[in-house]
Amino acid sequence: MTNQYRAYLVGENGVFRSAEAFEAASDASALTFARQFTRHGKVEVWQLGRKIAVLEPAQSPAHQLTRQ
């Protein structure tokens, strides 16, 4: 069973610049998928109305995840 997620690219002003809808089996797999978008900047990952995490582009992978 998969869940619907969205990865939002956050602009410098805090406004969402773009969004990518995708499906994933779990929050962990959604975060793995969404990390590819951090090359463009900060990314917020959401599952419906639930914020999963904020992924920062400039940090190492071990420190990239900030739980909300």
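Hydrogens, waters and symmetry mates are skipped; everything else that's a heavy atom, side chains included, is used. Heads up: numbering here begins at 1 and tracks the sequence.
- Between the CG atom in Leu48 and the OH atom in Tyr5 there is a gap of 9.0 Å [rounded to 0.5 Å].
- The shortest side-chain heavy-atom distance between Phe37 and Leu55 does not fall under the 4.5 Å cut-off.
- Classification of the Trp46-Tyr8 ring pair by plane angle, with boundaries at 30° and 60°, yields perpendicular.
- Inter-residue side-chain proximity for Leu31 and Val45 is flagged as met; some heavy-atom pair is nearer than 4.5 Å.
- Sequence neighbours left out, the pairs with a member in residues 37-47 that pass salt bridge (Lys or Arg N to Asp or Glu O under 4.0 Å) are Glu44-Lys51.
- Under 3.5 Å, the side chains of Ser29 and Ser26 contain a donor-acceptor pair of N or O atoms.
- When all heavy atoms of Ala34 and Phe22 are compared, the closest pair comes out as CB-CZ, 4.4 Å.
- Atom CD of Glu56 sits about 12.0 Å away from atom CZ of Arg35, to the nearest 0.5 Å.
- Side-chain contact, Gln47 with Gln4: no donor N or O sits under 3.5 Å from an acceptor N or O.
- To the nearest 0.5 Å, atoms CZ (Phe33) and CD (Glu23) are separated by 10.5 Å.
- Proximity of Arg6 to Ile52: side-chain heavy atoms (C-beta onward) are nowhere separated by under 4.5 Å.
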